[in-house]
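Here is the structure we will look at, set down as structure tokens.
Lettering of chains follows the sequences in order, A, B, ..., and the numbering in each one begins at 1.
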2 protein chains.
Amino acid sequence: MTALATPLRPRKQPVQARSAATIEALHTAVIQVLTREGLSRCTTTRIAERAGMSVGSVYQYYPNRDALLAAVLERHLSGIADAMERVCLDSRGLPVARMAEALVEGYMAAKLRDAGESRALYAVAGERGGFELAARVYKRIEAAVTVLLATAPDARFEDPAMTASIALNALVGPVRSILDGQATPAFEARLQGQLVLLLTAYLEAGRA
Amino acid sequence: MTALATPLRPRKQPVQARSAATIEALHTAVIQVLTREGLSRCTTTRIAERAGMSVGSVYQYYPNRDALLAAVLERHLSGIADAMERVCLDSRGLPVARMAEALVEGYMAAKLRDAGESRALYAVAGERGGFELAARVYKRIEAAVTVLLATAPDARFEDPAMTASIALNALVGPVRSILDGQATPAFEARLQGQLVLLLTAYLEAGRA
DNA sequence: GTAGCATCTGAAGAATCCTTCAGTTTTGGA
DNA sequence: TCCAAAACTGAAGGATTCTTCAGATGCTAC
């Protein structure tokens, strides 16, 4: 809610190799505790125990619990954004139908790669700096998609930024619904087809 | 996570008029504390204080904090579902383009009517019974939309249930993005137009 | 091999929180 | 008017949690 930017930053950078491993263990422990216990029981003690270290070590790298959770969320979201930016670069100049395909496949792949992680972090994204963090990362992706749309040979959009925003956000809900309920690969495939249809129809209908 | 159905139920029904008022005050207090303090600081004491009553009173109606939060969330979601079911009834037999309009307008109206409430409850929906509760309510809406789609004179869908699910979930993301960032009414209107375009294009493209 | 920095440990203080319950106040009907 | 049931009160027990810090341990460069 308030400006918690500074105290949400990590505390120090790893110097030796083992500390990098510690941070890694910490991050995966967060995911595990989150899925097994839920956000409210995702406590520093439990995280440390799961990571096989002492509570004190946690505070060596993060000034408080929220900073740790924010770091894990940020890494996750950054990964998604990286993947999407790559997709956008690789799809420049394609017809919009192909862009739709690429965007859907890229987003689904990125989110479903570590389904557990994605699922677990939804709760974190709904609190504290989570909102702002997620919003910032989505802006990144939106910007990339906006640029991408401008390169389409078979379409020109009146307001590419808004089109990009709608297109992206339209994927969020359906993909999350897969993650919440557990879907079979077969169902996922059908759903991917439907999402491609959704985006393609929207993009083709929306060109000026 | 685990089966907490029973202890999440309210504890007793109001008999006198004042107790109904108490419950009402409790619910609005939850929303207020939620928006002002966030989920983790949305404590029984703070809620009671905000509602102008003693902590004990809270436990007269709800067996625990989670049950109270679940009740508030349930009422909110039920309201959305009611509105959407009404929209579906009122739109039977219309061409799919009109259905798309009605669905978008109905959903946006329902969610934005109490924007603060919607915003506040996203956090609650991401924890505990929130998942299941939200899933259940969305199933209700999906069912209504599925039935609605079958009445379209200008389209027949191969898998109406999936089409309904995609269409609905596609609205979730964009509308939430409005709620998170604060949007001007002008922007909301433009966005509504885009969502109508999105749904219309999808439904018209998806008819068998 | 050893000095010195990097990491780790984990008990303990301080702060909340959830929930209960014995007792008080209010209400509505007889 | 009066009383039994309904509501409400709020201090206190029991349980967690977050965070710190003084000391132990591991690593690496010299």
Subject >> Partners passing salt bridge (Lys or Arg N to Asp or Glu O under 4.0 Å) against B/Arg136 (at least two apart in sequence or in another chain) >> reply: none

Subject >> By salt bridge (Lys or Arg N to Asp or Glu O under 4.0 Å) - contacts of B/Arg92 (at least two apart) >> reply: none

Original post:
Taking any atom under 4.0 angstrom from a heavy atom of chain A, which nucleotides of DNA chain C are the first and last to qualify, 5' to 3'?
Top reply: C/dA6 to C/dG10

**OP:** Just grab all the side chain to side chain donor-acceptor pair (under 3.5 Å) pairs involving residues 45-56 of chain A, residues at least two apart or on different chains.
**Re:** A/Gln32-A/Arg50

Original post:
Contact class for A/Tyr62 (heavy atom, under 4.0 Å): base, sugar-phosphate, or nothing?
Top reply: nothing

Report all side-chain donor-acceptor pairs from residues 74-89 of chain B shorter than 3.5 Å, counting only partners two or more places apart or in another chain.
residue, atom, partner, partner atom, Å
B/Arg75, NH1, B/Glu24, OE1, 3.3
B/Arg75, NH1, B/Glu24, OE2, 3.4
B/Arg75, NH2, B/Glu24, OE1, 3.3
B/His76, ND1, B/Glu117, OE2, 3.0
B/His76, NE2, B/Lys111, NZ, 3.4
B/Ser78, OG, B/Glu74, O, 2.9
B/Asp82, OD1, B/Arg140, NH2, 2.7
B/Glu85, OE1, B/Arg140, NH2, 3.0
B/Glu85, OE2, B/Arg140, NE, 3.1

Subject >> Which residues share a salt bridge (Lys or Arg N to Asp or Glu O under 4.0 Å) with A/Arg18, sequence neighbours left out >> reply: none

Original post:
OP1 or OP2 of D/dA7 sitting under 4.0 Å from any side-chain N/O of B/Thr22?
Top reply: no

**OP:** Indicate for each nucleotide in nucleotides 11-30 of chain D, in 5' to 3' sequence, whether protein heavy atoms under 4.0 Å reach the base (B), only the sugar-phosphate (S), or nothing (-).
**Re:** ------SSBB-----BS---

Original post:
Does anything in residues 157-169 of chain A pair up under salt bridge (charged side-chain N to carboxylate O under 4.0 Å, His left out), and if so which pairs, sequence neighbours excluded?
Top reply: A/Asp159-B/Arg190

**OP:** Answer yes or no: is there a donor N or O on one side and an acceptor on the other, between the side chain of A/Thr146 and the main chain of A/Glu142, under 3.5 Å?
**Re:** yes

Subject >> Under the salt bridge (Lys or Arg N to Asp or Glu O under 4.0 Å) test, residues paired with A/Arg65 that sit two or more places apart >> reply: none

